[in-house]
Amino acid sequence: MKMNKIRLPLYLVAIVVSLLMVLPFLWGAVLSFKDNDGIFNNPLQLPKAFDFSLYKETYQTAHIGRLFFNSLVLALVTSVIEIIVMFFSSFAIARLNHKYNTVSDLVYYLFLSASAIPVLVLLMPYYEITLSLGKYTGGVLGVDSLWGLILPYVAGGIPFMTLMLVGGMRGIPLEMEEAGIIDGAGLLRMIFSIEAPLLSPVIATLFIFSFLGVWNEFPIASILLSNKAHFTIPLALSFFKDQFSADYGAMMRGVVMIFIPQAVFYFFFQKRITEGMVTAGLKG
Amino acid sequence: MCYISYTFREGTEHMKKKAVYVLLALAIVLLSACNSKSNNNDSSNASTNAATNKDNTAATTNDGNKATNANADADKPAKEVKLTYATFIGDGDKDMMGIVIKEFMKTHPNVKIETQVYDHDTYQQKLPIMAQSNTLPDLFWWNATLITGAFDQNHSIADLTQYYDDDFKAMLTPAALVNLTTKDGKIVGFPAEMQVQGWLHNKALFDKYGVKIPTTFDELKDAVKTFKQNNVVTIAEGTKDAWPTWGFEDWLTKWGIHANADALFNANTMKYSESDVVNAYNAVGELAELGAFPANNSTMGFDQAIALFNAGKAAMISIPSDQLGKIVGTPVEKDTEYTWGIQFPNSKYDQLRVPGGVTNGYAVSAKAAEDPDKIAAIVELNKFRFTEEGFKLSLKAGANLPANVSADLSEFGKIIQDQAKMIADPNVHIDLTSDYSFHLIWDANWEAYGSKFGTPKGALINALIDGSKKTKDIPAELKKLDAIKDQVIKDWKANKK
Amino acid sequence: MVNNLYLFSKRWIKTAFILPTFLIFAVYTVYPLYNIILTSFKKQTFYEDFGFVGLDNWKNVLKDEIVHKVLWNTVIVVFGELVLLLPLGILLGFLLNANFKGNHFVRVATFVPYILSGVMIAIIWFFLLDPGVGVINAILKHIGLDSLAFNWIGGTKLTPYSVVAVDTWKSVGFYGVLFLTGLKMLPKDSFEAAMIDGATRWQRTFYITLPLLKETIKISAVMIVINAFNSFQTVLMLTGGGPNNQSHLITTLLYKVSFTQYDFGQGSVLATLLFLFVMAFSILILAFSRKRIEE
């Protein structure tokens, strides 16, 4: 009875919120069928026709498929490396201690403190570091190589990953490990058959976060990549824009084509994201 | 493995090191494996630094294969020549070299030219690095001053003087090679287009409101007043980007920035704030206050300004020749009148001096010039550009070559024909040696793209147009420019080589 | 309590486990930070390093009136996002926690902008906010409310506030889910006790729920502040810093100075400033919230 009273305002709020979130995207979709002249001279006018062949054309000029492929490969490889590397370091911090360990604590807080450093602060040296790294790796990890982005991205994930993994590992009851040791499990077996499965929800969340982070990263990619064949999704707009001109309709088509797969992706993984947050004890 | 070492409690130093090595090796193997899988088609990057590294087998084999392929091909009778060409223009149909290359490859099936497209800003960052490490593309677009500068610094750019025979030179106008020639007379590039910055007028609008197309600043002010009353934008100008105000930089020339260049920028005996260029800034401020520019122009890019002009909502636009394609073929084209812009009768400086010239070129890497097949193909390609066919192909991209070709231009429409007439006008003094960013005296590499003085100098014009600075602010702003100028000249003299 | 894994806690195993992360951390966080601070005392361009010049860069930057304006803009964005995003995030958390049909849709709709690249969000919002071609002002003028059609972007004043709006729109879903999770973890018994005591709904919210969410609020505040300092793409796409550099944030100005003017010296000063600001703010918030907890 009491509930019914608050129902109506609740729905109103829900509808208003949803509209506020959805309308800008819809407007973007409308603009995607207009050309520069229409967009600039008649902002409110609807497109003359909904010509989907424009999309095909944009798909080709921006190499959207290539962009998705680049971003997908980069995000997968980076996330996997990041999680493996940091799983071990977090394990050492959380578990490989004699009683209380100052070193572990020090490293832990050192890693965490980096969360307060904006990436723009570090951007300038990244170019030079990557340039010289390229010289030692035959260009593989150098400037203008997709793989050159991996290490900066892994570094960017250190604070959050360490926080979540160490937190998760400390949450695992020691009895589990004691039982393992009594069974004669070695260190690696302990890690892979006891710790990792118990932490799998955290790892899944971290994977998604890392993946999304790489997927959307703009500043580092924008200074390290210059050949358009290596571009990632956030650099897509530069295909419609050079120094002297810009095709805004095509830009919006690019946005729509990039948006839809991501929305679908989120739709399927949203439970995981929420679940993982609970597991990690809301520490992030 | 970790477990084993735990069992043997005397886990030695040796094991410790080994574990670290294994980890590092694993990481390298992982990365190089990834690279060889999906990076095959990427030549620019794999070949960049491959030579310096022995460990990375993936990249070197990749590169090695390519080299052996090329050798094998060279032995075949067809003599296949593979070239790389770098540009920042993504659309091959808008790049004059891209269009020419397409046709050239049709008639020369043995020549394969791979185009590498870069983002403009990063392109400008990368080329100096490539020049230093001698990893330049075979053929590439660059600013003429930077080509000569890089040639003087290190010889990673080819000296092309020997390929300019008399026949080739006869194909070119005198302007073509001025900026591509070094101090000691070597020609180090093939000329790109003839860049001019003129003013387009929508004559239909002028007629409609009974306004004369302005030839002097006073006439322009009168035009602004009439257009303002009728809610028409006089000058379509957006200030979101810095460069479209080049048309107004021309006014600085008409108020003596070039004539006084030595006193201003070398001897430093003249203050910028006390020179006559003040009048040019005042003129822009005055126009802005009369309402000559579109409202909200600060978020307006050049394309938006073009859209305004093309929709018949603006009477004038200042436009560089490589952007004319955006107006060609639109309904307003037939109504346009193309001029060199207004004059200031009370200025004592040359009012017929207009900005223009061949400011960009195509350079060849020294490496490519060592390969006789490559250089032969490159020279042939560039000679083809200056034939009537090449000239017309370039014009399709909107680029007017500095060529001595009498081509029939009737297929190109009004604006392109007008431009050819303007350039041919014997009365004007097309400024062949300077470019819009005014690297007047300072070495190209010192000022280039850092443009410590050039950037704020242009930014003030933008600020006056968008209204964030008013005419009354000009003296104070120019004092700031004085200080910057002093500093730049001081630094430049201290570091001059 | 003795950790039974001490058997494995040989120093070299631990070192080997931490080393890769530590190396990456050293190369990509410690070294760049050191390098930036060092470069801020140097005259260095993209092409050349002219050596140390003392405090010249710092003096030039700190007396530049554009920098003052930019610092002020950054402060507006940081406080604006804190003031707007935190309450809206909490309210969205409550909304998502409520049991109603379509709850799922609201959650997806609010979260989706968070997973899209900021550049694309910003370009969409450009066509909403722009005074010349944006739909907001076009509609306002269409229905005769010309007086409300402000220069949301492109003027000298409102851009930072528009950045707050866009960034809030982009991230509100994330903080909503964060608070939703926080709400779901609250212990039930304190509510039951309050219900028995006859506390009203609002009383329960203010005196029980919000204090219990304290940890989540604290963490969100730190995240919001750090992200607000990091705000970059929005300004880059909306105005590019114009007119006349008036709408830059520290991030965008530093990007412009470093990567279009290649003045690494002054760029480093701005980067160091940004670093100091973020550190100061994070410490302030943590200290402030700790004090509150102690009380």
Side-chain angles (χ1 to χ4, degrees), chain A residues 10 13-14 17-18 21-22 24 27-28 31 39-40 43-44 85-86 88-89 91-92 95-99 107 111 114 116-118 120-122 124-126 129 151-152 154-155 158 174 177-178 181 187 212 216 218-219 223 233-234 237 251 255 258-259 262-263 266-267 270 274 277-278 282, chain C residues 2-6 8-9 13-14 17-18 20-21 24-25 27-29 32 35-36 95 98 100 102 105-106 108-112 115-120 123-125 127-128 133 135 138 142 177 181-182 216 226 229-230 232-233 251 254-255 258-259 264 267-268 271 274-275 278-279 282:
Chain A
L10 195 68
V13 171
V17 169
S18 306
M21 300 313 287
V22 171
W27 185 245
L31 289 183
I39 288 174
F40 291 132
L44 278 184
V85 169
M86 273 164 226
F88 281 100
S89 63
F91 185 76
R95 279 296 190 249
L96 295 180
N97 299 321
H98 258 298
K99 299 184 184 170
V107 173
F111 284 175
I117 305 175
L120 264 296
V121 171
L122 309 173
M124 259 179 279
Y126 277 8
I129 293 172
L151 288 177
V154 169
I158 289 176
L174 284 171
E177 287 160 6
E178 278 165 18
I181 289 171
L187 184 57
L212 277 178
N216 285 333
F218 177 76
I223 62 149
I233 294 273
L237 295 185
M251 246 184 233
V255 171
I258 285 161
F259 169 74
Q262 285 187 236
Y266 172 69
F267 191 80
Q270 58 132 336
T274 335
M277 278 179 165
V278 182
L282 247 173
Chain C
V2 177
N3 185 331
N4 280 292
L5 280 183
Y6 77 91
F8 297 118
S9 63
I13 299 185
K14 189 165 166 176
F17 275 22
I18 295 186
T21 310
I24 295 173
F25 185 78
V27 174
Y28 286 96
T29 307
N35 183 285
I36 281 292
L95 179 67
F100 65 97
F105 179 79
V106 177
V108 174
T110 48
F111 201 90
V112 154
I115 59 165
L116 195 66
S117 167
V119 193
M120 317 214 169
I123 192 78
I124 293 176
W125 276 88
F127 288 109
L128 298 177
V133 300
V135 73
H142 196 71
V177 170
T181 319
T216 316
I226 291 174
F229 271 114
N230 256 318
F232 171 65
Q233 286 113 307
T251 45
L254 122 76
Y255 189 83
S258 310
F259 296 107
F264 282 12
S268 299
L274 178 61
F275 170 67
V278 179
M279 275 296 172
S282 311

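Chain A is the first sequence line, chain B the second, and so forth, proteins listed ahead of strands; every chain is numbered from 1.
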**OP:** Applying side chain to side chain contact (heavy atoms under 4.5 Å, CB included), name anything that partners A116(A), two or more places apart in sequence or on another chain.
**Re:** I226(C), V278(C), M279(C), S282(C)
Original post:
Can you name the side chain to side chain contact (heavy atoms under 4.5 Å, CB included) partners of V108(C), sequence neighbours left out?
Top reply: Y266(A), F267(A), Q270(A), H104(C), V112(C)
Subject >> Among I129(A), V13(A), V17(A), residue most engaged with chain C (heavy-atom pairs, under 4.5 Å) >> reply: I129(A)
Original post:
Looking at P152(A), G28(A), A114(A), which one has more heavy-atom pairs under 4.5 Å with chain C than the rest?
Top reply: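 The answer is P152(A).
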Can you find a pair of side-chain heavy atoms, one from [X] and one from [Y], that are under 4.5 Å apart?
X	Y	value
S18(A)	V106(C)	yes
L122(A)	I36(C)	no
L274(C)	L120(A)	yes

Indicate the atoms forming the closest heavy-atom contact of [X] with [Y], along with that distance.
X	Y	value
V22(A)	A109(C)	CG2-CB, 4.2 Å
G267(C)	M124(A)	C-CE, 3.5 Å
F111(A)	T21(C)	CE1-CG2, 3.6 Å

By a 4.5 Å heavy-atom criterion (distance strictly below it), what part of [X] contacts chain A: side chain, backbone, both, or neither?
X	result
A138(C)	both
F232(C)	side chain
I24(C)	both
L116(C)	both

If you count heavy-atom pairs under 4.5 Å between each of [options] and chain A, which one has the most?
options	result
Y28(C), F100(C), F25(C)	Y28(C)
F229(C), W125(C), F275(C)	F275(C)
L254(C), L128(C), V119(C)	V119(C)

Which atoms of [X] approach chain C - backbone, side chain, both or neither, heavy atom under 4.5 Å:
X	value
V255(A)	both
M86(A)	both
I158(A)	side chain
Y126(A)	side chain
V85(A)	both
I39(A)	both

With rounding to the nearest 0.5 Å, note down the distance linking [atom1] in [X] to [atom2] in [Y].
X	Y	atom1	atom2	answer
F259(C)	I223(A)	CZ	CD1	4.0 Å
M251(A)	F127(C)	CE	CZ	7.5 Å
L44(A)	H142(C)	CG	NE2	6.5 Å
I258(A)	S117(C)	CD1	OG	8.0 Å

**OP:** Report yes or no: does N216(A) contribute a side-chain atom to a donor-acceptor pair with the main-chain N or O of I115(C) at less than 3.5 Å?
**Re:** yes
